[in-house]
Amino acid sequence: MRKTIAATGALIVLSMTSGAMAQDAERFRLERTEEGYVRMDTRTGSMSICRERSGQLVCSPAADERTAYEEDITALQDRLNALEERLAALENANPQAASELPSEEEFEQTLGLMERFFRRFMGIVKDFEEEETTTTPNTPAPDRT
């Protein structure tokens with residue numbers, strides 16, 4: 001019984017894996033050129049130049065995609081630098097921000113006040129609920145004829 005379950009599980013995993021491999025195989029298209037191959041990603045449209053080296057196919061992004069890739073890296077580096085400068089300016093503008101936090105004693109005092117407030121508030125709510133139950137009796141009024 002266990003062998004049957006294990007074999008069934010293995011078949012399911014293999015079928016899922018082969019489906020994923022088939023999708024990946026259909027994702028890329030190779031076209032032979034004079035210098036090697038051009039590989040196109042059918043999902044994204046990106047192209048790579050591929051050459052055979054030592055029996056293996058080695059691919060690198062096409063020249064225009066390489067330029068776009070480098071431009072993206074430069075733009076991201078500029079944004080990172082701007083954010084770091086902004087952070088430094090904020091930290092330098094208010095160096096006392098950490099000292100403005102309440103001390104442990106002040107925090108406990110404030111928490112005690114809040115607790116007293118909520119206990120008193122819940123007491124008022126409880127009093128209203130008790131008043132409501134005493135003014136509206138649970139027994140129905142007798143029929144008057």
Side-chain angles (χ1 to χ4, degrees), residues 1-140:
M1 178 73 173
R2 287 185 182 178
K3 289 181 182 180
T4 306
I5 292 173
T8 304
L11 285 174
I12 292 171
V13 169
L14 285 174
S15 67
M16 290 171 60
T17 306
S18 64
M21 285 185 199
Q23 287 178 348
D24 284 342
E26 295 173 4
R27 178 177 176 178
F28 297 100
R29 292 203 177 162
L30 283 175
E31 294 292 326
R32 186 135 178 83
T33 64
E34 296 172 6
E35 300 155 3
Y37 295 92
V38 174
R39 180 182 73 172
M40 184 175 112
D41 187 339
T42 58
R43 287 188 199 156
T44 64
S46 64
M47 298 176 71
S48 302
I49 307 297
C50 302
R51 292 183 177 82
E52 279 189 62
R53 292 189 187 141
S54 304
Q56 293 185 354
L57 201 57
V58 179
C59 300
S60 60
D64 58 338
E65 289 185 18
R66 180 72 182 177
T67 303
Y69 175 74
E70 289 174 355
E71 287 173 358
D72 284 346
I73 289 175
T74 302
L76 289 171
Q77 188 64 46
D78 291 343
R79 286 181 60 193
L80 177 63
N81 290 339
L83 286 172
E84 287 176 345
E85 289 172 9
R86 183 175 173 198
L87 179 62
L90 289 172
E91 287 174 346
N92 292 335
N94 195 2
Q96 299 171 347
S99 65
E100 291 176 5
L101 294 174
S103 67
E104 188 69 26
E105 183 180 311
E106 292 170 327
F107 177 76
E108 289 298 327
Q109 182 182 12
T110 305
L111 195 59
L113 291 171
M114 289 173 56
E115 184 178 3
R116 282 182 37 208
F117 167 79
F118 280 112
R119 286 187 188 277
R120 182 178 268 174
F121 178 75
M122 293 307 291
I124 293 170
V125 170
K126 189 175 180 180
D127 290 344
F128 279 132
E129 287 175 348
E130 288 174 2
E131 274 183 28
E132 187 177 299
T133 57
T134 58
T135 58
T136 56
N138 293 338
T139 59

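Taken to the nearest 0.5 Å, the CD1 atom of Ile73 stands 7.0 Å off from the CD atom of Glu70. Within the model, atoms CZ of Arg39 and OG of Ser60 stand 9.5 Å from one another, a figure rounded to the nearest 0.5 Å. Atom CG of Leu80 is separated from atom CD of Glu85 by 10.0 Å, given to the nearest 0.5 angstrom. Leu83 CG to Leu76 CG: the interatomic distance, rounded to the nearest 0.5 Å, is 10.5 Å. Expressed to the nearest 0.5 Å, how far CD of Glu108 lies from OG of Ser103 amounts to 10.0 Å. Rounded to the nearest 0.5 Å, atoms OH (Tyr37) and CE (Met47) are 15.0 Å apart.
Not counting sequence neighbours, the partners of Asn81 by the side-chain hydrogen bond (donor to acceptor under 3.5 Å, both in side chains) test are Gln77. Taking the side-chain contact (heavy atoms from CB on, under 4.5 Å) definition, one finds that Glu130 meets it with Lys126, Asp127, sequence neighbours left out.
Counting heavy-atom neighbours within 6.0 Å of Glu105 CD, excluding the residue itself, gives a total of 12 or less.
In this structure, Arg51 and Glu35 approach most closely via the heavy-atom pair CG-O, 3.7 Å.
Under the 4.5 Å side-chain criterion, counting only non-hydrogen atoms from C-beta, Thr42 is in contact with Arg29. Val125 has its side chain within reach of Phe121: a pair of non-hydrogen atoms, C-beta onward, lies under 4.5 Å apart.
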